Amino acid sequence: MQKIAIENNLSETAFAVKEGDAYHLRWFTPGGEVELCGHATLATAYVITRFVEPNLAVVVFDTLSGRLTVEKSGDLLTMDFPSFQLTPIPITEDLTAALFSEAEIYF
């Protein structure tokens with residue numbers, strides 16, 4: 001898969017294999033495998049619902065990011081992106097200086 005991604009030389013190349021009622025989905029860039037790629041997931045769902053299983057209304061993918069679902073409604077595809085638990089990070093003087101340096105502020 002990595003060699004194909006290198007040959008394609010695109011931001012992501014998706015590989016899907018049917019496993020039971022779901023598809024195992026992996027994404028590769030020329031530099032290696034990535035954990036999540038939304039546009040390649042939607043493109044894969046489009047190919048599946050258009051050419052592989054045209055009567056499928058929901059495509060389920062098992063990925064490194066967990067289970068992703070894409071719903072087909074007419075010509076539209078909707079994906080449920082995973083969410084992550086946010087954790088507070090203390091704001092230090094160094095962080096403030098790096099984020100709000102006068103030399104880097106552009107209005």
Side-chain angles (χ1 to χ4, degrees):
M1 288 182 268
Q2 182 62 59
K3 288 181 180 181
I4 292 171
I6 290 169
E7 185 176 328
N8 286 343
N9 198 29
L10 300 170
S11 57
E12 274 88 18
T13 301
F15 297 90
V17 175
K18 181 84 178 217
E19 292 182 345
D21 292 336
Y23 286 84
H24 183 73
L25 180 61
R26 296 172 73 181
W27 311 276
F28 287 82
T29 69
E33 188 169 10
V34 295
E35 291 185 23
L36 179 64
C37 180
H39 69 275
T41 302
L42 288 171
T44 303
Y46 174 81
V47 169
I48 290 169
T49 59
R50 174 83 177 181
F51 303 106
V52 180
E53 296 187 68
N55 296 323
L56 196 61
V58 177
V59 185
V60 178
F61 296 107
D62 290 320
T63 73
L64 287 176
S65 295
R67 186 159 270 205
L68 303 174
T69 58
V70 177
E71 294 183 29
K72 178 183 175 187
S73 178
D75 290 336
L76 300 178
L77 296 173
T78 305
M79 187 168 98
D80 184 16
F81 280 91
S83 62
F84 300 98
Q85 183 66 34
L86 300 179
T87 55
I89 297 175
I91 298 175
T92 65
E93 288 183 25
D94 289 339
L95 181 59
T96 303
L99 292 175
F100 299 106
S101 169
E102 288 184 33
E104 296 179 6
I105 296 177
Y106 301 98
F107 294 100

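Just so it is clear, the structure is predicted and the values come from calculations on it, not from any experiment.
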Is there side-chain contact between V70 and T44, with at least one heavy-atom pair below 4.5 Å? no
In the single-linkage hydrophobic clustering (I, L, V, M, F, W, Y; side-chain heavy atoms under 4.5 Å), do V17 and F28 co-cluster? no
Enter the distance from L77:CG to E71:CD here, rounded to the nearest 0.5 Å. 10.0 Å
Treating Ile, Leu, Val, Met, Phe, Trp and Tyr as nodes and any side-chain heavy-atom pair under 4.5 angstrom as an edge, say whether L56 and M79 lie in one connected cluster. yes
Considering all heavy atoms of both residues, which atom of G32 and which atom of Q2 are nearest to each other, and what is their separation? CA-OE1, 3.0 Å
Would you give the length of the straight line joining atom CG of L25 to atom CZ of R67, rounded to the nearest 0.5 angstrom? 12.5 Å
Which heavy atom of H39 sits nearest a heavy atom of C37, and at what distance? CE1-SG, 3.3 Å
Taking C-beta and beyond as the side chain, do D21 and V60 meet within less than 4.5 Å on heavy atoms? no
Got E33 and L64 here, is their nearest side-chain heavy-atom distance under 4.5 Å? yes
Please tabulate, for side-chain N and O atoms in residues 80-92, each donor-acceptor pair with protein atoms closer than 3.5 Å (sequence neighbours left out).
| unit_1 | atom_1 | unit_2 | atom_2 | d |
| --- | --- | --- | --- | --- |
| T92 | OG1 | L95 | N | 3.1 |

Evaluate the side-chain proximity of E53 to Y23: yes if any heavy-atom separation is below 4.5 Å, no if none is. yes
Side-chain donor-acceptor pairs under 3.5 Å in residues 3-16, sequence neighbours left out?
| unit_1 | atom_1 | unit_2 | atom_2 | d |
| --- | --- | --- | --- | --- |
| N8 | ND2 | T13 | OG1 | 3.3 |

Rounded distance (nearest 0.5 Å) linking atom OG1 of T78 with atom NZ of K72: 12.5 Å
Donor-acceptor pair, S65 side chain versus E35 backbone, under 3.5 Å? yes
Joint hydrophobic cluster, L76 plus V59, side-chain heavy atoms closer than 4.5 Å: no
